[in-house]
Amino acid sequence: MRLAKDGIFPIVKDKDGHLLPDLPASGFQFAGTVQGEGKLCGIPSLFVRLAGCNLQCHWQTSDGLSSPCDSAYAAYQLKDTRQVSVEAIYTTLLQNAGPIRHIVLTGGEPLLQVKELKALCQKLKSDYRFHLTLETNATLFDPELARYIDLFSLSPKLSSSYTGASPLSIQRLNPECIQQYISSARQYQKDFQLKFVYACDEDIDEIQQLLSVLQAWKNDDILLMPLGGTPEIMRRNMRKTLEYCIRNGWRYCDRLHISLFGDKAGV
Ligand SMILES: Nc1nc2[nH]cc(C(=O)O)c2c(=O)[nH]1
Ligand code: SF4
Ligand SMILES: [Mg+2]
């Protein structure tokens, strides 16, 4: 599996249980961080970050600033990625989990490596009762993978997320695919969240438009998160995000890891 430079994080041991030479980016002497976003915010977790993405997000903020994907090094400005076997990822997670039950599969877009991802999830769900969260942009769906996942964290990308000159061939916002996730969650008693990034007022109309064609969601499943790969950009967008949450009945979504650790990779 092709992993981003932060790969499996934060960890202190390798797959054989040997201590790593460097402390994790969290600065702690132990493995784990907390989920920084969404319904499980604050829950101790380990992350696996897959490399590569089928979208190339680059936002334009309401005050005219431009803001790239917060994990561009994992998505499209690929830097220091590495190939790690499913077996090695699995054993590394076991060596570092301790009391941690929550594993978050993120990227990039994890579904680009769906075959290996299914193999990893199958291992994690069979031997050891991990709770799995999948962070995805919801342009791709795989019914077999979906069976292994406990929380679908869907972050559909709105028009403001792409400022490139020519549109990519991929359908950036795919309501049919999003509905497949929601319907699968409903059918198999899984949870899901629709996590939107707020960058400008036009985003709100687009979210409402999308929600009007989706079925089987509740307001509690709709999260709005301020744009902000850095604490400064995030602070600028927080108040408007909060305002739109309260006025629409949606859930405010923090980026707790950015407040706790700053905009570092691997936390
Ligand atoms: N602590 C922590 N929480 C997160 N929630 C979503 C993350 C992501 O980058 O996908 C993330 C991350 O990178 N770190
Ligand atoms: S979909 Fe997510 S990971 Fe991919 S470029 Fe956009 S923000 Fe980055
Ligand atoms: Mg992120």
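One-based numbering, in listed order, for ligands and for the atoms of each.
Checking T139 against Q171 by side-chain atom types alone, no donor-acceptor pair falls below 3.5 Å. A donor-acceptor pair shorter than 3.5 Å cannot be found between the side chains of D16 and Q95. In the model, N137 has no side-chain atom that pairs as donor or acceptor with a side-chain atom of N174 under 3.5 Å.
Listed by atom number, the atoms of ligand 1 under 4.0 Å from E135 heavy atoms are 6 (C). Here is the list of ligand 1 atoms found below 4.0 Å of a heavy atom in T33: 1 (N). In the vicinity of N137, heavy-atom distances shorter than 4.0 Å reach the ligand 2 atoms 1 (S). For ligand 1, the atoms closer than 4.0 angstrom to any heavy atom of V267 are 1 (N), 2 (C), 14 (N). Within ligand 1, counting atoms from 1 as listed, the ones closer than 4.0 Å to a heavy atom of T106 are 8 (C), 10 (O).
Between K264 and D6, no side-chain nitrogen of the basic residue sits less than 4.0 Å from a carboxylate oxygen of the acidic one, so the salt-bridge criterion is not met. Using a cutoff of 4.0 Å between basic side-chain nitrogens and carboxylate oxygens, K39 and D150 are not scored as salt-bridged. In this structure, E87 pairs ionically with K123, as a charged nitrogen and a carboxylate oxygen lie closer than 4.0 Å.
Only the backbone of V34 comes within contact range of ligand 1, with a heavy atom under 4.0 Å; no side-chain atom does. Residue contacts with ligand 2 for W59 involve side-chain atoms from C-beta outward but no N, CA, C or O (heavy atoms, distance under 4.0 Å).
Cation-pi geometry between K79 and Y73 is not met at under 6.0 angstrom from the ring centre and within 45 degrees of the axis.
At least one heavy atom of R49 sits closer than 4.0 Å to an atom of ligand 1. Heavy-atom separations between K157 and ligand 2 include at least one value shorter than 4.0 Å.
In this structure, the protein non-hydrogen atom closest to atom 8 (Fe) of ligand 2 is C69 SG, 2.3 Å. Given atom 6 (Fe) of ligand 2, the protein heavy atom at minimum distance is C57 SG, 2.3 Å.
Note on ring orientation: taking the six-membered ring where Trp is involved, the planes of Y244 and Y198 are tilted (angle from 30° to 60°).
Taking any N or O of Q35, backbone or side chain, at least one lies under 3.5 Å from an N or O belonging to ligand 1.
The ring of Y181 has its center no closer than 6.0 angstrom to the ring center of F192.
Backbone or side-chain N, O or S atoms of C53 do not reach atom 8 (Fe) of ligand 2 at under 2.8 Å.
Of the listed options F47, F261, F9, F47 places a heavy atom closest to atom 2 (C) of ligand 1.
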